[in-house]
Trainee: 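Can you read through this structure? Questions will come right after.
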Amino acid sequence: MDQVRKAVIPVAGLGTRFLPATKSVPKEMLPVVDRPAIDYVVREAAAAGLRDVLFIAGRGKTAIEDYFDRNAELEQVLRDKGDEERLSLIDDVTQLAQIHSIRQGAALGLGHAVGMAEDHVGNEPFAVLLGDDLIDRHDPVLQKMIEIRAKFGGSVIGLMEVPPETISLYGAAAIRTTDENDVVEITDLIEKPPADEAPSNLAIIGRYVLDPAIFSVLHDTTPGRGGEIQLTDALRTLVSAPKTSGGGVHGVVFRGNRYDTGDKQSYLRATVALAMQDPELGPDFSSWLSSMMSERRPGD
Ligand code: UTP
């Protein structure tokens, strides 16, 4: 089985950058316009043909599973009111994908979270989408990554050019170019390097298509930066592993709009950008926003 059919979405992180909101609400459930951030991520997986979604969840994340489940009581209330429009809105969410969920137990790192998916995924390539990484649906990248996996085998990671001084916030890639535009061969990966030691300004974003060989590598990956089992460290091993044992990593450079909804600044940008795009809310919201901006006095 070489087709990518399953998506793994880790949502077990603690979300400390968004406290106090995330004390009782998972960051993935914070709304961006009219739906929680995780809705966009599952929709993106479904749009790329991945209808089997596994959440790697942690404590207090049942709201995420409930969101994708049916709510018979609410459906009945809407049906009684004859509110077909809202009924179809909530029904649509339950139809997106077949949702599964397992618990990570303790947040031991992204590598550990992905390793938990082994039994569910089995011996086939699969996608990983970080639940707090929102990619504008007008700029799809996952489909292209799946095509690159089909072409070259091995694993494929999403990359984005970032200002060099911010690379220390990300995993950074050393690369060789290929004949194909925006497709690179990865020669090394370093998790959160100091800016002056980074091999490039190409940062790893939260989209991966992984060869199942990642699982055996993760078994042997010891805690790295921050005492966590890092997915980047396991991928680094795959960079130099032979192709015959699932090695080789390519990168697809993403040039669209992407937001880290676990970061307050980026979350606010996502909300404003998507509200402006919304066909119903956009026109009024945009004109309100521009009049508010023009009313701002210098120094406000
Ligand atoms: P982050 O680095 O954003 O960590 O994790 P976090 O804990 O979620 O957030 P902060 O930094 O405390 O604010 C990146 C992704 O990996 C998942 C997170 O849910 C997020 O999607 N993750 C991280 C896990 O699922 N398990 C872990 O042990 C660590």
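Remember, it's 1-based here, ligands and their atoms both numbered in the order they're listed. Because only heavy atoms are used, hydrogens play no part in the values below, and waters and symmetry mates are left out as well, while side chains stay in.
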Trainee: What pairs of residues pass the side chain to side chain donor-acceptor pair (under 3.5 Å) test when at least one of them lies in residues 9-34, not counting sequence neighbours?
Mentor: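 Listed by first then second residue: R17-D260, K27-D132, E28-K61.
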Trainee: Does an N or O anywhere in L14 fall below 3.5 Å from an N or O of ligand 1?
Mentor: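 Yes: some nitrogen or oxygen of L14 is under 3.5 Å from one in ligand 1.
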Trainee: Using heavy atoms and a 4.0 Å limit, tell me yes or no: is E228 in contact with ligand 1?
Mentor: no
Trainee: Answer yes or no: does an N/O atom from L110 fall short of 3.5 Å to an N/O atom of ligand 1?
Mentor: no
Trainee: When you compare ligand 1 with G13, is there at least one nitrogen or oxygen pair between them that comes in under 3.5 angstrom?
Mentor: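 Checking ligand 1 against G13, an N or O pair does fall under 3.5 Å apart.
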Trainee: Using non-hydrogen atoms of the residue, decide whether Q104 is closer than 4.0 angstrom to ligand 1.
Mentor: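 In this structure, Q104 qualifies as a contact of ligand 1 - some heavy atom is under 4.0 Å.
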Trainee: CD1 of I186 to CD1 of I204: how many Å apart, nearest 0.5 Å?
Mentor: 7.5 Å
Trainee: Numbering the atoms of ligand 1 from 1, which are under 4.0 Å from a heavy atom of T16?
Mentor: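 Near T16, the atoms of ligand 1 are 10 (P), 12 (O), 13 (O).
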Trainee: Once you round to the nearest 0.5 Å, how far does CZ of R35 lie from CG of L89?
Mentor: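 R35 atom CZ to L89 atom CG measures 6.5 Å (nearest 0.5 Å).
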Trainee: For L130, is at least one N or O under 3.5 Å away from an N or O on ligand 1?
Mentor: no
Trainee: What do you think, any protein heavy atom under 4.0 angstrom from atom 2 (O) of ligand 1?
Mentor: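 Not a single protein heavy atom is under 4.0 Å away.
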Trainee: Is atom 22 (N) of ligand 1 close to the protein, meaning a heavy atom under 4.0 Å from it?
Mentor: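 For atom 22 (N) of ligand 1 the answer is yes, since some protein heavy atom falls inside 4.0 Å.
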